[in-house]
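Okay, structure first, notes after.
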Amino acid sequence: MSEYSKRASELRAQIERHNREYFVEDAPVIPDADYDALVRELRALEAEHPEVRVEGSVSEGVGAPAAPTFSPVVHVERMLSLDNVFDADELRAWSDRVARGLGLDAASVAFAVEPKIDGLALAITYVDGVYVQAATRGDGRVGEDVTRNVRTIRGMPLSIGAAGRIEVRGEVFLANEDFERLNAAQRERGEREFANPRNAAAGSLRQKDPRVSASRPLSFLAYQLVGDESAYATYDETIRQLSDWGFLTAAQLVVVTGVEEMVARSSLFETHRHDLGYQIDGAVIKVNDLAQRRVLGTTSRAPRWAIARKFAPEERSTRLLAIEVSIGRTGRATPYAVLEPVSVAGSTVALATLHNEDQVRLKDVRPGDLVIVRKAGDVIPEVVARIPEDGVARGAQWHFPTACPECGGALVRREGESDTYCVNPACPAQLMQQVIHFASRGALDIEGLGEQRVAQLLRERLITDVADLFRLRAEDLAPLEGFGEISAAALVAGIDAARAQPLSRVLVGLGIRHVGPVAARALAGALRTYDALASADLDVLEAVEGVGPVIAASIYRYVREPEVIERVARLREAGFSLAEPEPERSATSQALAGRAVVVTGALEGYTREEAEAAVVAAGGTSPGSVSKKTYCVVVGESPGASKLARARELGVPLVAGEDFEYLLTMGVWRNIVA
Ligand code: IVH
């Protein structure tokens with residue numbers, strides 16, 4: 001057997017195993033990105049070396065055979081999958097192929113762009129308007145009969161106003177909130193938690209007992225009407241029909257003409273992938289004209305008229321090189337993984353948190369293991385799980401150190417707690433993290449005082465406490481390495497400006513356990529001065545809206561510690577007022593904090609000025625023109641053509657006027673209009 005045939009059969013065996021784990025057992029072991037890479041490698045090998053091809057290769061297949069637990073359902077029309085592209089250039093190449101297939105210029109083809117939901121495909125059949133059957137995709141030809149399990153799904157009407165046989169296809173999924181709730185309930189019952197919403201949805205649907213499915217908050221989103229298409233000319237018409245029948249459909253669907261706009265729209269979904277309330281792993285782009293679709297046709301596994309643009313994966317596999325422990329500002333010792341660097345969600349990850357001792361034990365990760373790392377949105381990268389490897393000897397089990405790696409002091413884990421602490425108050429690592437936190441953006445926001453400068457000031461013994469920062473003079477700093485007269489003066493000015501910060505920011509900066517920015521603002525807003533806070537009894541603290549017994553007790557203890565009393569006295573001496581100014585306006589919600597929202601056209605119930613004032617009251621800004629930084633444009637009656645054109649050009653979302661209130665309260669857009 002040639003080297004190529006050997007590799008091809010190895011790849012086929014691996015892909016088959018992962019198919020089984022993903023489609024049959026609803027418990028995939030490797031990240032989707034790894035799976036995609038295996039399939040791509042096999043396809044490339046089969047294309048370059050035709051002699052390695054075999055009849056019925058997994059590279060041709062769709063899904064996995066139906067499980068015997070369910071009765072088989074033969075699909076009247078095969079349920080295909082989608083081909084994938086992984087970047088904008090591959091997407092352009094696909095649209096060129098489409099245009100060539102149609103004998104048209106790519107600039108004149110209308111594309112529908114919508115989110116690719118990470119769930120599982122389902123086909124629902126109605127006869128004379130009555131729900132009769134639901135089936136999973138299976139291998140595309142034969143699926144599993146889940147009719148009884150589907151009856152109770154949200155977004156799935158039991159009767160529709162249509163004669164004859166109608167088949168509706170779409171995706172079953174769990175919304176993020178529903179997934180969190182389901183896992184919380186599993187935890188409470190002492191049952192296994194699901195790794196992600198997709199597995200939870202699949203496991204919930206494919207239950208032997210339909211009552212179990214009924215108890216799970218599944219949703220269904222329709223994206224295809226199969227059968228009598230002659231009644232419709234375009235895809236968006238069919239989607240409107242599905243929505244009229246009562247199906248949930250993608251509210252964000254837009255139809256665009258031209259390649260660049262289509263590419264920009266699909267990128268927009270990537271930017272906002274965490275704003276939709278459910279998991280998406282890509283954007284789907286479809287030719288909108290149904291007659292054009294018929295011209296293009298399908299391959300054995302996927303239509304030529306549609307493509308999935310997969311986003312940068314948020315989960316990747318890599319090698320765990322070592323486990324180390326870092327010390328935070330409260331002394332908390334957090335174990336973290338040192339990894340072979342890997343690109344996750346668009347950035348390189350070399351370190352990932354392991355949270356605490358129990359998590360390391362539970363995940364049973366050891367140096368040398370292959371692991372899955374995850375980085376989603378603004379969340380810190382973490383090690384999710386290890387990938388078992390057959391026949392590979394593993395390293396020794398890791399044990400939590402007993403001494404602080406920074407100061408050599410004792411590491412202590414108290415009974416009933418999951419975290420371990422370095423209990424030496426003079427630990428230099430704690431001090432360094434305290435100063436970094438004090439200067440950070442959410443706290444005193446001292447410009448120019450980053451991690452390296454803090455380390456330098458500590459090393460040079462210019463500071464031993466945050467209050468020492470306010471005694472620094474430009475002459476002390478200028479001779480230091482990396483400083484000059486200008487940068488020394490700039491840092492001193494930055495520190496100087498911090499003296500004017502309100503009490504709430506000082507409270508954040510002090511790093512009191514359990515007191516984050518929200519609690520700090522609530523406390524400072526209610527009590528107004530540090531003195532009032534320091535002399536408040538527990539019941540006074542607990543009476544503050546948003547402050548519970550844990551936060552109250554933490555503050556109560558904190559303000560009575562001798563080092564704290566001294567630190568606060570020194571801050572006062574440095575010029576801090578330690579008071580909270582009166583709020584300028586009584587904004588209740590800051591949902592749009594930091595976001596620029598442009599309003600164009602008339603919105604029902606608002607004058608132009610009122611609409612802009614409402615955006616500002618919600619913490620946003622309302623500039624008069626659209627720029628790259630604009631979060632979205634709200635489109636009312638008779639909108640301005642130039643604003644619309646500019647937004648389209650820059651890929652800024654256009655939001656329906658009816659959704660203005662939603663935007664003000666939720667801080668995110670929901671429906672985009674074409
Ligand atoms: S259209 C023949 N649209 O992704 C066209 N599929 O990776 C069939 N999916 O099998 C699919 N969101 O299960 C389509 N908006 C969407 C989708 C979507 C998720 C799933 C579907 C498909 C799989 C391919």
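By convention here, the first residue in the shown sequence is residue 1. Whatever order the structure lists them in is the order used to number ligands and atoms, beginning at 1.
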Q | Candidates Leu654, Val634, Val655 - the one meeting side chain to side chain contact (heavy atoms under 4.5 Å, CB included) with Trp669 | A | Val655
Q) Is ligand 1 less than 4.0 angstrom away from at least one heavy atom of Pro115? A) yes
**Q.** Aromatic contact, Trp305 with Tyr235 (centres under 6.0 Å)
**A.** no
Q | Min heavy-atom dist Ala308 to ligand 1 below 4.0 Å | A | no
Q. Among protein heavy atoms, which sits nearest to atom 17 (C) of ligand 1, and what does the distance come to when rounded to 0.1 Å?
A. Tyr223 CE2, 3.4 Å
Q: Starting from atom 23 (C) of ligand 1, find the nearest protein heavy-atom neighbour and note its residue, name and distance.
A: Lys116 NZ, 3.8 Å
Q. Mind checking whether Lys116 and Tyr223 have side chains closer than 4.5 Å, heavy atoms only?
A. no
Q) Hey, which atoms in ligand 1 end up nearer than 4.0 Å to a heavy atom of Lys286? A) 1 (S), 3 (N), 14 (C), 16 (C)
**Q.** Member of Ile307, Asp36, Val39 meeting the side chain to side chain contact (heavy atoms under 4.5 Å, CB included) criterion with Asn84
**A.** Asp36
(Q) Against ligand 1, does Ala306 come closer than 4.0 Å with any heavy atom? (A) no
Q.
Listing request: all salt bridge (Lys or Arg N to Asp or Glu O under 4.0 Å) pairs with a residue in residues 296-305, at least two apart in sequence or in separate chains.
A. Asp83-Arg301
(Q) Looking only at distances, can you tell me whether any N or O atom of Arg137, backbone or side chain, sits closer than 3.5 Å to an N or O atom of ligand 1? (A) yes
Q) Between the side chain of His75 and the main-chain N/O of Arg137, is any donor-acceptor distance below 3.5 Å? A) yes
**Q.** Options Arg301, Arg169, Gln224, ranked by nearest heavy atom to atom 8 (C) of ligand 1, top entry
**A.** Gln224
Q.
Quick check on contacts: which atoms of ligand 1 are under 4.0 angstrom from a heavy atom of Ala121?
A. 13 (O)
Q: May I ask you to identify the nearest protein heavy atom to atom 13 (O) of ligand 1, giving residue, atom name and distance to one decimal place in Å?
A: Glu171 OE1, 2.7 Å
(Q) Using a 6.0 Å cut-off, check whether atom CD of Glu177 has over 12 heavy atoms from anything other than its own residue. (A) no
**Q.** Numbered atoms and elements of ligand 1 in range of Glu114, under 4.0 angstrom, heavy atoms
**A.** 3 (N), 15 (N), 16 (C)
**Q.** Mode of Leu82 contact toward ligand 1 - side chain, backbone, both, neither (heavy atoms, under 4.0 Å)
**A.** both
**Q.** Nearest non-hydrogen protein atom, atom 2 (C) of ligand 1
**A.** Pro303 CG, 3.5 Å
Q) Taking the six-membered ring for Trp, are Phe173 and Tyr278 parallel (under 30°), tilted (30 to 60°) or perpendicular (over 60°)? A) tilted
Q: Examine ligand 1 and decide if any of its atoms is less than 4.0 Å from a heavy atom belonging to Met79.
A: no
Q) Does Ile117 reach ligand 1 with a nitrogen or oxygen that is under 3.5 Å from one of the ligand's nitrogen or oxygen atoms? A) yes
Q. According to the interplanar angle, ranging from 0 to 90°, do the rings of Tyr22 and Tyr35 count as parallel (below 30°), tilted (30 to 60°) or perpendicular (above 60°)?
A. parallel
Q: Just jot down the side-chain hydrogen bond (donor to acceptor under 3.5 Å, both in side chains) partners of Arg165, sequence neighbours excluded, or say none.
A: Glu167
